[in-house]
Structures are given as C-alpha cells and as structure tokens.
Novice: 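Below you'll find the structure I mean.
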Amino acid sequence: MNVVETEFLFCILSGIFLYHSLSRISVEWKRRDLLFQWTAITALGFIFTESLKKWGIQSALWNTDSIFGYITKSNLLLFLSYTSLEERIFAFKVYRRYFLSVFLYMFWILVLFGIQFFQTTIQIQDNTLILPFAISLGAFVWAREMFWPFEENKESKLGDDSFRFVYLVFLPVAFLVLSPWKLEWSFYKQVATILIYGISSHLGFQLVSKFKKQMVPAESEIGIWIGALAFSTCLGTEILVVLPLSILSGIFGRLLYAYLSTLSWSEPGIRGVMSFLYPSILGIFLPFLLVERGQWVHAPYVLLGVQILYFLSFYLVASFSFGIILLNKQK
C-alpha cells in the first residue's frame with residue numbers, strides 16, 4: 001500500500017470523527033451550523049496554507065502536497081475543536097461562536113507545533129505522539145465541567161451503543177497518521193496493536209457494567225479510548241504482558257466512572273474525562289512499568305521530570321485557553 005492509498009484511507013477514517021460528533025446533536029439547526037463552520041474553516045485554512053506555500057513558507061506539520069493528508073488533519077482538528085466545548089458552544093451568539101471555533105482550531109494547530117518541539121528538542125517517551133491531544137482535550141473537559149456546568153442532560157442516562165462498536169474501534173487509531181513513522185507495512189502492525197489495546201480495555205470496562213447490570217452512555221467509546229490512548233506509549237512491548245493491564249485499566253475506568261456519577265457530573269463531562277484525561281495520565285507513567293530500561297530515552301529521574309513536564313505543558317496551556325473562552329461567555 002503506497003502513501004497516497006494510506007492517506008486516502010485515513011482521510012475516510014478521520015471523517016468518522018465528524019460524523020460521530022454530528023450524531024450526538026439532535027437539533028437540526030445546530031447540525032447545519034456546525035457543518036457550515038467545518039466547511040468554511042477547512043476551505044479557508046487550505047487557501048491560507050497554499051498562499052503561505054507560494055511565498056515559500058512551509059511546515060512539515062502541515063504539508064499540503066496531498067489533499068488527502070490536509071483533509072485528514074483538518075478533520076481531526078475540527079473534531080477536537082468541537083469536543084473541547086461540545087454543545088456549550090451554541091450558547092454563544094453567532095459571530096462570537098464562529099470566532100471561538102476559529103480560535104479553538106488555531107489552538108489545536110499550536111498543539112501540533114508543541115508536539116514538534118518535544119519531538120525534536122526534548123525527547124519524550126511517546127512513540128505515537130497521541131498523548132498531547134488527549135491531555136489538552138482532557139484539560140478542556142475538566143475545566144468546562146468545573147467552571148461551566150451544563151444544565152441539559154445533567155443526569156446520566158442508560159444507553160447502549162454496541163451497534164456502533166465496529167466504527168468506534170477505529171476512532172483512536174486515526175491519530176496515528178500524525179505520528180512520525182514512515183508509511184510502510186510496519187505502520188499497520190502498530191495500528192493493529194492499538195486496536196487490540198482498545199478492544200481489551202473495552203472488555204474490562206464492559207465486564208464491570210455487566211456485573212453491576214447497568215450500562216452507561218458511550219460505553220464502547222470510553223472503553224476503547226482508554227486502552228488505545230494509555231498504552232500507545234508502550235508500543236513494542238510484549239503484547240501478552242500489556243493485554244491484562246489493558247483489561248485492568250478498563251475495569252478501573254468503569255469504577256472511576258461510577259464514582260464521578262455520584263458527583264452529579266454531566267454525561268459529556270464524565271465521558272470526556274474518562275476517554276481522554278484518565279488514559280493520558282496512565283500513558284505518561286506506563287513506560288516506567290512496561291518499557292525496558294534500555295529503551296528509555298533518558299536516565300530514570302530525568303525521564304520522570306520530562307514526562308511530567310510533557311503532561312503539564314499541554315494541560316496548563318489548554319486550561320489557560322479555556323480561561324480565555326470562559327471570560328467571553330455570555331452571562
């Protein structure tokens with residue numbers, strides 16, 4: 001499979017993110033508004049990047065040689081932009097809403113440059129570079145739940161999303177197209193490994209639900225994100241060693257979900273924290289447990305400091321950006 005075929009495959013796969021976001025919205029005008037925003041941002045972004053390219057300004061992070069590669073990255077950033085606030089963004093007036101959508105899109109582009117900084121300047125133990133997205137999005141979700149309570153759907157509702165399990169499995173792996181790996185067959189081995197980790201953590205998550213005889217909304221989605229994100233930093237480790245820990249992470253995640261439900265959190269807040277913040281924290285420290293010491297990129301104490309800096313950098317910047325949005329919220 002050549003580069004173009006791979007980018008086309010991931011272009012289609014990344015579109016599932018946007019479909020997944022739209023499927024949560026029941027109000028027709030909100031869906032139309034969101035589609036208009038996504039189309040306008042994608043088109044204007046392409047014109048802007050092509051204009052910069054004509055002036056000789058180009059970045060490896062935003063290579064526009066392939067239209068499929070551009071659309072893939074844009075789809076992923078649009079998904080992250082919407083998930084940062086979800087339906088809370090419709091609480092803003094129309095012009096302010098469009099401004100904030102662009103602001104969030106630019107924020108996620110800056111996250112890409114932050115990833116490049118850690119990749120090239122400060123070596124980190126994260127061979128997929130997925131964690132910064134999870135950390136930043138987890139910070140957004142945590143902050144919005146703490147400082148911007150969402151009154152609608154405050155109580156958790158029982159739900160079953162098993163019919164969407166097949167395509168939900170592929171959601172986390174779409175971010176692997178942003179990894180530094182070369183597009184060769186070994187890339188697909190890593191994709192398959194991420195899928196296995198996600199499915200195994202989903203199994204642990206669902207085991208507790210079956211035992212409690214209580215299903216929760218977005219059960220498959222949360223369970224899959226936990227394993228796929230948390231163990232993405234440990235690719236290359238013996239899979240038989242990782243699988244039991246992945247199942248345990250799903251079990252503990254379901255117990256943590258039950259605890260957060262007792263705090264009267266909104267369902268989107270619990271889903272976001274469990275899907276992104278919880279596995280990103282695990283992913284920061286799991287290399288100390290699963291990666292052989294000879295493969296560590298730094299000495300033990302240096303690596304610990306770098307990993308914590310890695311987490312705090314994206315978490316604090318995301319929290320600061322949310323603070324800017326909160327100041328603009330209508331009273």
Side-chain angles (χ1 to χ4, degrees), residues 1-50 61-87 89 98 101-102 104-109 111-112 128-130 133-134 136-137 161-179 181 183 187-188 190-192 194-195 198-199 218 220-222 224-225 228-229 232 268 271-272 275-276:
M1 187 173 291
N2 59 36
V3 174
V4 175
E5 290 172 332
T6 301
E7 290 184 338
F8 177 75
L9 174 64
F10 273 78
C11 179
I12 299 299
L13 190 59
S14 66
I16 298 176
F17 278 81
L18 304 189
Y19 166 76
H20 190 58
S21 299
L22 287 174
S23 68
R24 298 189 188 281
I25 303 174
S26 58
V27 182
E28 181 62 28
W29 75 265
K30 292 182 178 180
R31 285 200 298 267
R32 291 199 303 267
D33 186 82
L34 205 57
L35 280 171
F36 174 78
Q37 288 183 38
W38 287 345
T39 304
I41 290 174
T42 302
L44 291 174
F46 181 76
I47 294 172
F48 181 72
T49 51
E50 282 296 305
L61 289 172
W62 207 262
N63 190 348
T64 56
D65 290 341
S66 168
I67 186 64
F68 297 128
Y70 172 81
I71 294 175
T72 299
K73 294 175 184 178
S74 185
N75 285 348
L76 296 177
L77 298 186
L78 288 171
F79 165 79
L80 292 166
S81 300
Y82 171 71
T83 308
S84 301
L85 295 181
E86 291 198 337
E87 292 200 44
I89 196 166
Y98 294 155
S101 295
V102 174
L104 286 169
Y105 190 78
M106 295 302 297
F107 166 79
W108 290 109
I109 290 176
V111 169
L112 286 175
T128 64
L129 304 178
I130 300 177
F133 300 109
S136 302
L137 190 52
D161 62 349
S162 58
F163 71 97
R164 296 187 296 176
F165 177 76
V166 175
Y167 83 78
L168 287 173
V169 171
F170 290 93
L171 291 186
V173 302
F175 278 102
L176 297 184
V177 78
L178 301 174
S179 69
W181 302 327
L183 298 182
F187 174 78
Y188 297 96
Q190 307 296 354
V191 170
I194 291 289
L195 289 176
I199 293 172
S220 296
E221 179 183 354
I222 297 171
I224 291 165
W225 277 111
L229 291 178
S232 65
R271 184 182 70 241
S275 298
F276 304 110

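Residue numbers count from 1 along this sequence.
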Novice: Is there a side-chain contact between Tyr19 and Leu22, using heavy atoms and a 4.5 Å cut-off?
Specialist: no
Novice: Do Val111 and Leu80 have side-chain heavy atoms sitting under 4.5 Å apart?
Specialist: no
Novice: Of all heavy-atom pairs between Glu7 and Gly69, which one has the smallest distance, and what is that distance?
Specialist: OE1-N, 4.1 Å
Novice: Can you find a pair of side-chain heavy atoms, one from Tyr82 and one from Leu104, that are under 4.5 Å apart?
Specialist: no
Novice: Of Ser81, Ser74, Ser84, which is the lone residue that meets side chain to side chain donor-acceptor pair (under 3.5 Å) with Tyr105?
Specialist: Ser74
Novice: For the residue pair Ala134 and Leu229, what are the closest heavy atoms and their distance?
Specialist: CB-CD1, 3.8 Å
Novice: Picking from Tyr70, Phe170, Phe17, Phe187, what satisfies ring pair (Phe, Tyr, Trp, His ring centres under 6.0 Å) with Phe10?
Specialist: Phe187
Novice: What I'd like to find out is whether the side chain of Arg31 reaches to under 4.5 Å of the side chain of Leu34, using heavy atoms alone.
Specialist: no
Novice: Which heavy atom of Cys11 sits nearest a heavy atom of Ile71, and at what distance?
Specialist: SG-CG2, 3.6 Å
Novice: Answer yes or no: is there a donor N or O on one side and an acceptor on the other, between the side chain of Thr42 and the main chain of Thr39, under 3.5 Å?
Specialist: no
Novice: Taking the side chain as C-beta and beyond, is there a heavy-atom pair between Phe36 and Tyr98 under 4.5 Å?
Specialist: yes
Novice: Got Ile41 and Ser101 here, is their nearest side-chain heavy-atom distance under 4.5 Å?
Specialist: yes
Novice: Quick one, Ile194 and Phe175 - any side-chain contact, counting heavy atoms below 4.5 Å?
Specialist: no
Novice: Taking side-chain contact (heavy atoms from CB on, under 4.5 Å) as the test, write out the residues that go with Ser14, two or more places apart.
Specialist: Thr72, Asn75, Leu76
Novice: Listed by chain and number, what are the ring-ring contact (aromatic ring centres under 6.0 Å, His included) partners of Phe68, not counting sequence neighbours?
Specialist: Phe8
Novice: With side chains defined as the heavy atoms from C-beta onward, is the minimum distance between Phe46 and Ile67 less than 4.5 Å?
Specialist: yes
